[in-house]
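First up is the structure itself, then whatever we jot down about it.
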Amino acid sequence: MKGSCNRNTRIILHIDMDHFFSACEEREHPELKGNPVVVGAEPKQGRGRGVVKTCNYEAREFGIQSGMPISTAWRLCPNAIYVRGNYRLYKKVSERIMAILKKYSERFQRWGLDEAFLDVSLMTKDFEEATKLAESIKHEILWNEGITCSIGIGPNKLIAKIASGHEKPDGMTVVREDDVERFLAPLPVQRIVGIGEKTTAKLHGMGIKTIGDLAAFSASILAQKFGAMGMRYHQYALGLSESDVGERRGIRKSIGHECTFAVDTDARDVVSRRLVDICCKVYQRATEKNLLFKTVTVKVRYKNFHTFTHSRTLSFFTNSSQNLRKTAEELAQDALSGKEKVRLLGVRVSNLKLAKGQRILI
DNA sequence: TCTGGGGTCCTAGGACCC
DNA sequence: TCTGGGGTCCTAGGACCC
């Protein structure tokens with residue numbers, strides 16, 4: 001069977017740029033190369049708030065990981081080079097890389113700034129050919145942008161995505177249909193997209209550690225414990241996923257902005273001013289995209305990390321900044337009372353609709 | 001250790017309508 | 001007076017992704 005596949009088999013590539021933000025920084029500032037580089041919040045001598053966005057492999061040797069509090073990163077490696085992040089640059093580089101990828105297949109799907117799927121079933125006759133194609137993609141990105149990526153090749157998006165993370169950086173992992181079970185079985189359950197920290201802990205509690213354990217577990221018990229998601233986890237563990245490679249259609253679902261205070265505050269005027277600033281930002285972004293909104297949600301996180309949201313759906317669609325501000329202020333009454341210190345404030349609008357006569361913007 | 005900011009999707013209960 | 005079942009929308013919270 002090796003080297004061949006029946007024509008019903010799909011061949012999907014998942015392309016994942018290696019430590020994308022810090023790779024962009026190294027490319028712009030070659031003097032950074034060879035040093036641990038951390039992109040994220042300001043460390044402020046270990047007192048900074050926020051998290052690590054990404055870091056290069058030199059920084060990872062100190063135990064730094066993306067998502068980690070920046071204060072922890074600072075303790076692990078105070079001598080690393082800490083960079084705030086130049087998102088305009090990352091976006092530009094990303095756009096150029098996506099343009100390269102799109103040339104290889106019409107069936108293309110961007111996944112964040114630094115990942116994408118390609119369905120190459122129609123232009124490659126088997127996994128060998130797909131591997132050659134993936135090699136040329138790697139070369140072209142490296143040649144043009146000076147950045148390496150890891151590619152996973154599999155019979156569906158789920159497998160391709162897990163495969164791309166298998167041998168990072170600069171990796172290439174091919175999983176043919178016949179190899180799916182062998183490939184997945186020993187991997188930890190959290191490698192499945194959609195199984196995060198909480199679900200992993202619950203699964204561990206049930207004695208399920210690996211994807212093989214999950215596949216062997218009773219689907220009906222999983223459904224009892226996790227509802228519809230349980231069935232999905234089981235399907236994923238068997239390596240089954242039907243989802244097509246394609247860009248999301250239609251308008252976005254929501255637009256929001258949120259802000260963590262540098263210091264938790266109970267000063268009413270500070271919170272109230274920040275709320276107005278956030279509303280302005282959200283209003284601007286909705287207006288730029290010609291969107292009307294109907295639902296306003298305010299999010300408040302207190303010092304103890306307890307978080308609540310309040311939302312209200314208006315009886316009409318609007319793009320008025322006054323409506324947004326007034327609704328947000330009413331919803332945020334509790335937060336404005338100054339009883340508890342506020343850590344984060346956010347505003348989001350949803351139930352969106354395009355303003356009449358405007359072109360479609362995603 | 002002390003936890004960002006942009007999002008999406010799911011669940012569950014309740015209101016309301018037919 | 002007590003009570004269907006289906007559908008849709010709203011609200012709040014939670015998990016997860018990059």
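Every chain is numbered from 1 and lettered A, B, ... according to where its sequence line falls, protein lines coming before strand lines. These numbers come from the heavy atoms of this one structure, side chains and all, not from hydrogens, waters or symmetry mates.
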Residue A:E258, side-chain atoms from C-beta onward, closest of C:dC18, B:dG6, B:dT1: B:dG6

Nucleotide-level pairing of DNA chain B, given in dot-bracket where Watson-Crick and G-U pairs need both distances under 3.5 Å and | marks other strands: ....||||||||||||||

Below 4.0 Å: OP1/OP2 of C:dA12 and any side-chain N or O of A:S311: yes

Under 4.0 angstrom between A:R343 side-chain N/O and B:dG4 OP1 or OP2: yes

Any A:N351 side-chain N or O less than 4.0 Å from OP1/OP2 of C:dC9: no

A:Y87 ring center within less than 6.0 Å of A:Y90 ring center: yes

Nucleotide nearest A:T295 when distance is taken to its side chain, options B:dG4, C:dT11, B:dG5: C:dT11

Presence of A:T309 side-chain N/O under 4.0 Å of C:dT11 phosphate oxygens OP1/OP2: no

Distance in Å, A:F117 CZ paired with A:R107 CZ, rounded so as to fall on 0.5 Å steps: 15.0 Å

C:dC18 phosphate, OP1 or OP2, under 4.0 Å from A:K161 side-chain N/O: yes

Integer angstrom distance from the C1' of B:dG4 to that of C:dC17: 14 Å

Cation over ring face, A:R301 and A:F305, 6.0 Å, 45°: yes

Between A:S220 and A:S218, a side-chain donor and acceptor under 3.5 Å: yes

Member of A:H19, A:E25, A:E26 meeting the side-chain hydrogen bond (donor to acceptor under 3.5 Å, both in side chains) criterion with A:S22: A:H19

OP1 or OP2 of C:dA12 under 4.0 Å from side-chain N/O of A:H310: yes

Under-4.0 Å side-chain N/O to phosphate OP1/OP2 contact, A:R232 with B:dC10: yes

Donor on one side chain, acceptor on other, A:S272 and A:D269, under 3.5 Å: no

N or O in side chain of A:K253 less than 4.0 angstrom from B:dC9 OP1/OP2: yes

